[in-house]
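Here is the structure we will look at.
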Number of protein chains: 2
Amino acid sequence: MSKRPTSRDVARVAGVSQSTVSLVLAGKSEGRVKPETGRAVREAARRLGYRPNLAARSLRLGRTRTVLLVVPTLTSPFFGAVYTGAARVASERGFGVVVHPWTDEAAPARSPVDIEAIDGVLASSLGGGVAGFGDVPLVVLDNDPADPATSVNFDVAGGMRAVARHLADLGHRRLGHLAAAVDTWTFRVRAEVLTETGALTAREHCAIDVAAAREAALALLDRPDRPTAVVCDDDLIAAGAYKAARHLGLDVPRDVSVTGFDDILVATALEPELTTIRLPAERLGAQAMTALLERLDGQAPPDVSLPAELIVRGSTAPPAP
Amino acid sequence: MSKRPTSRDVARVAGVSQSTVSLVLAGKSEGRVKPETGRAVREAARRLGYRPNLAARSLRLGRTRTVLLVVPTLTSPFFGAVYTGAARVASERGFGVVVHPWTDEAAPARSPVDIEAIDGVLASSLGGGVAGFGDVPLVVLDNDPADPATSVNFDVAGGMRAVARHLADLGHRRLGHLAAAVDTWTFRVRAEVLTETGALTAREHCAIDVAAAREAALALLDRPDRPTAVVCDDDLIAAGAYKAARHLGLDVPRDVSVTGFDDILVATALEPELTTIRLPAERLGAQAMTALLERLDGQAPPDVSLPAELIVRGSTAPPAP
DNA sequence: GCTTTGACGTCATACGTATCACGTACGACG
DNA sequence: CGTCGTACGTGATACGTATGACGTCAAAGC
């Protein structure tokens, strides 16, 4: 239960000064410390199991080389991909990434930036948590480009237009929309684009959740002018639509076509596999991290928009004649 | 672009000393500072937008009141629930939680404990990353109780026995096992329990991934002495089994019963809904955090085992006669 | 023989906070 | 009048690190 060794302890054991230890372990001893001495220092550090005190280092340097990724939930595979992209870029530049789940509603007692000493924040706009980060450099994911913060997002409108065109080409004239009951930019755009097509005949709102989506889909499908295609704001919502269709004795895609959004794992777990929009989540993470690191360098990176690609699978077909 | 204000700046503005600012903002000014002065300090802090420097505080106090949750992946809803439970308990005690994805294979350049200044680690054993945390207090999730570190886990053996009994009661005599190709305690236990039943006739290994599971399931189902029930190590693997069954023209559960493990979201997204083992992930997180905080208090909490409950849904039925 | 140069290190200091040990009034009390 | 107690603060310091400004000593150069 002895105390954790400090650089001074290492210095004592190696028979040098603390400064020298710091120099050697930082790799800045080139030409200033005899190779032999350097080895002795490293050996002593190893023997004592020395690990630098990160708090002290941060205090001294005024930065932590760590950024925080704020996500609305850990339960979505989508953010796993975002993290992967972000972490790869960060790692190349010697930065670390930690993750903190956070939404406005379920805000913990301490805001994410009060939890840890960090240099910057990458925040998802889902859940709306864009404010409250103080003056920490910030890049927002999937956010309204009109927002002052630097944002990196998907071409959601383009993706939704591709869905609409795909369904129109198949011959669908009555579209139903299962919209996420979340008021953020990305979902507002989806609704607007669909409305503009002129083919929309019904819309229901629900939580991003299979059971809730099933209920909403029942309301949408169990009506006289039943839509021949259901456009869903999220793949999970599409899973609920499948269940509702099955419950009503409707076959997907023969009786009703279904489309999703995101191309997460369930898209291919469903039967038939889901026609959906693939969002390059990993690229999003990478681009956002690149932008954030540029901000940390004092630059002002431009907003970025990434393409959203239509993936046609088995859940869409021409409507029954 | 002015510098971030320090407690000394606040002191200057409020016309008091830095010590007083610290006292007031820490809420320890009771009877030592005039209420009026306290108000002035708080007002000055607010005006300047003062936020304490966490690095300096950590250095001074020798602790950060932050713990790190290490998970193998962010793509699993399971760990979302673990986090929720852990964060709730931590928050009650004034601790914050950050998350870091990590596996042995995809180890980033810097180990999680080198990323941030933290007081303790909650690590998932999946991926095996139990070593390499130095002397930081550690609690391991879902790990072999034989391991020296404090562990909090599920009664995996009990859960698997419940599955075996359920299938035996239905009349199944030939079980196939779709095992996760991951060598950790939790999966070893599942395999052992199934082997002991004596009813196991075939086993295939695959990654925890729908596509891989589908291939493995095809190998399992496309053979003369086809198992009448397929026991899967994970709900995602079960999703692959569904696909394989469908591909072979087999109906679930009429021609083949399928069981999962975890009761994550896909379990109810599948059709028919999946009979599976529910693991109380949120309780796991809460219990583990409780244990970790006890360790931080210098205690030595005992290992904990949480019950695993069989949830019978539509994917299991008596075998065809 | 005296200065210069280079190689090899060390000294001292600052980062921002929390806290222990001291003041300094001022009224009360004997 | 002297002493004590209380209310209200402040001064000084330490936490562990990184780094710019200084030695020191021997060999080389003039």
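Lettering of chains follows the sequences in order, A, B, ..., and the numbering in each one begins at 1. The figures that follow rest on heavy atoms only: side chains count, while hydrogens, waters and symmetry mates do not.
Listed candidates were C:dG16, D:dG16, D:dT19. Nearest to the side chain of A:Ser22 is D:dT19. Closest to the side chain of A:Ser19, from the set D:dT17, C:dA12, D:dA12, is C:dA12. In the set D:dT10, D:dG16, C:dT17, C:dT17 carries the atom at the smallest distance from any side-chain atom of B:Tyr50.
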Begin with the C-alpha distance, continue with both residues' side-chain angles, and end with the deciding distance and a verdict on salt bridge (Lys or Arg N to Asp or Glu O under 4.0 Å) for A:Arg46 and A:Glu43.
CA-CA 5 Å; A:Arg46 209 188 46 68; A:Glu43 168 63 15; 3.3 Å; yes
Audit row: A:Arg65, A:Asp119, salt bridge (Lys or Arg N to Asp or Glu O under 4.0 Å) steps and yes/no:
CA-CA 6 Å; A:Arg65 295 191 84 73; A:Asp119 288 348; over 6 Å; no
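Rounded to whole Å, atom C1' of C:dT17 lies 13 Å from atom CZ of B:Arg63. Separating the CG atom of A:Leu25 from the C1' atom of D:dT17 is a distance of 11 Å, rounded to the nearest angstrom. Note: CG (B:Asn53) to P (D:dG16) measures 17 Å, nearest angstrom. The distance between atom CZ of B:Arg8 and atom P of D:dG11, rounded to the nearest whole Å, is 11 Å. Atom NZ of A:Lys28 is separated from atom P of C:dA7 by 20 Å (rounded to the nearest Å). Rounded to a whole Å, the CZ atom of A:Arg4 is 15 Å from the P atom of D:dC15. Remark: P of C:dG6 and CD of A:Glu30 are 17 Å apart, rounded to the nearest angstrom. The distance from atom CZ of B:Arg57 to atom C1' of D:dG16 is 18 Å, rounded to the nearest whole Å.
Other residues, nucleotides and ligands contribute over 12 non-hydrogen atoms within 6.0 Å of the CD atom of A:Gln299.
Proximity of a side-chain donor or acceptor of B:Asp303 to a complementary backbone N or O of B:Ser151 within less than 3.5 Å is detected. Side chain of B:Arg4 to backbone of B:Arg51: a donor-acceptor contact under 3.5 angstrom is found.
Residue-level contact check: B:Leu59 touches the bases, meaning some heavy atom is under 4.0 Å from a base atom.
Looking only at atom types and distance, the side chain of B:Ser19 has no donor-acceptor partner in the side chain of B:Ser22 under 3.5 Å away.
Two residues, A:Leu61 and B:Ala56, neighbour DNA chain D, and the one matched to the more 5' nucleotide by heavy-atom proximity is B:Ala56.
For the OP1/OP2 pair of D:dT17 and a distance below 4.0 Å, the side-chain nitrogens and oxygens of A:Ser7 include at least one atom meeting the criterion.
Note that CZ of A:Phe154 and CG of A:Leu279 are 4.5 Å apart. Values are rounded to the nearest 0.5 Å.
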Using the 3.5 Å cut-off, write out each protein N or O paired with an N or O of nucleotides 5-9 of chain D and the distance between them.
{"unit_1": "D:dG9", "atom_1": "OP1", "unit_2": "B:Thr37", "atom_2": "OG1", "d": "3.1"}
{"unit_1": "D:dG9", "atom_1": "OP2", "unit_2": "B:Lys34", "atom_2": "N", "d": "2.6"}
{"unit_1": "D:dG9", "atom_1": "OP2", "unit_2": "B:Thr37", "atom_2": "OG1", "d": "2.9"}
{"unit_1": "D:dG9", "atom_1": "O6", "unit_2": "B:Arg32", "atom_2": "NH2", "d": "3.3"}

